[in-house]
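Notes to accompany the following structure.
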Amino acid sequence: MNDTLTFVGIDVAKDKLDVFTDSKADFFTVSNDPQGIADLRGRLENLDIKLIVIEHSGRYERRCALDLM
């Protein structure tokens, strides 16, 4: 892990997740399905995450929220 705390914001849609990490000023999109969320976990695993904020969006956020716990 690095010394920089990271905040992550996730905008949720039925088919995709738009993700922003502040420590890297990185913006990317993954699919809102098990494979996309696995990809997301892989991209976040080496960051020292302080907080993840996920948009509440008609239940489409549930899989992501549970898989990132």
Side-chain angles (χ1 to χ4, degrees):
M1 291 198 190
N2 58 38
D3 294 333
T4 304
L5 292 177
T6 299
F7 294 86
V8 179
I10 303 175
D11 182 53
V12 178
K14 180 179 180 180
D15 298 322
K16 67 178 182 163
L17 302 169
D18 293 325
V19 183
F20 179 78
T21 61
D22 73 330
S23 63
K24 292 180 152 187
D26 189 23
F27 176 80
F28 59 93
T29 299
V30 296
S31 56
N32 191 1
D33 60 23
Q35 181 59 52
I37 295 167
D39 293 344
L40 172 59
R41 286 182 63 95
R43 292 184 75 162
L44 298 180
E45 70 183 359
N46 291 324
L47 301 175
D48 190 8
I49 297 175
K50 177 72 173 177
L51 179 70
I52 298 175
V53 177
I54 303 172
E55 173 195 20
H56 176 80
S57 183
R59 298 186 179 182
Y60 296 122
E61 76 286 347
R62 289 183 176 187
R63 177 186 296 128
C64 178
L66 291 172
D67 287 353
L68 291 179
M69 291 180 82

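Transitive grouping of hydrophobic side chains (ILVMFWY, heavy atoms separated by less than 4.5 Å) keeps Leu40 and Phe7 in distinct clusters.
Here the CD1-CD1 distance, from Ile54 to Ile10, works out to 4.5 Å after rounding to the nearest 0.5 Å. Atom CG of Asp11 is separated from atom CG of Asp18 by 5.5 Å, given to the nearest 0.5 angstrom.
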Validation: residues 62-69 side-chain donor-acceptor distances under 3.5 Å, sequence neighbours left out:
unit_1: Arg63; atom_1: NH1; unit_2: Asn32; atom_2: O; d: 3.0

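Judged purely by atom type and a 3.5 angstrom limit, Glu61 has no side-chain atom pairing as donor or acceptor with the backbone of His56.
Residue pairs meeting the salt bridge (Lys or Arg N to Asp or Glu O under 4.0 Å) criterion with at least one member in residues 30-42: none, sequence neighbours excluded.
Side chains of Leu17 and Ile37 form a contact here, defined as non-hydrogen atoms less than 4.5 Å apart. Contact annotation: the side chain of Val8 approaches that of Leu44 to within less than 4.5 Å [non-hydrogen atoms, C-beta and beyond]. Inter-residue side-chain proximity for Val19 and Thr29 is flagged as unmet; no heavy-atom pair is nearer than 4.5 Å. Here the side chains of Arg43 and Asp26 are in contact, with some heavy-atom distance below 4.5 Å.
Among all heavy-atom pairs drawn from Ser57 and Val12, the shortest one is OG-O, 3.5 Å.
Atom CZ of Phe20 has more than 12 heavy atoms from other residues, nucleotides or ligands within 6.0 Å.
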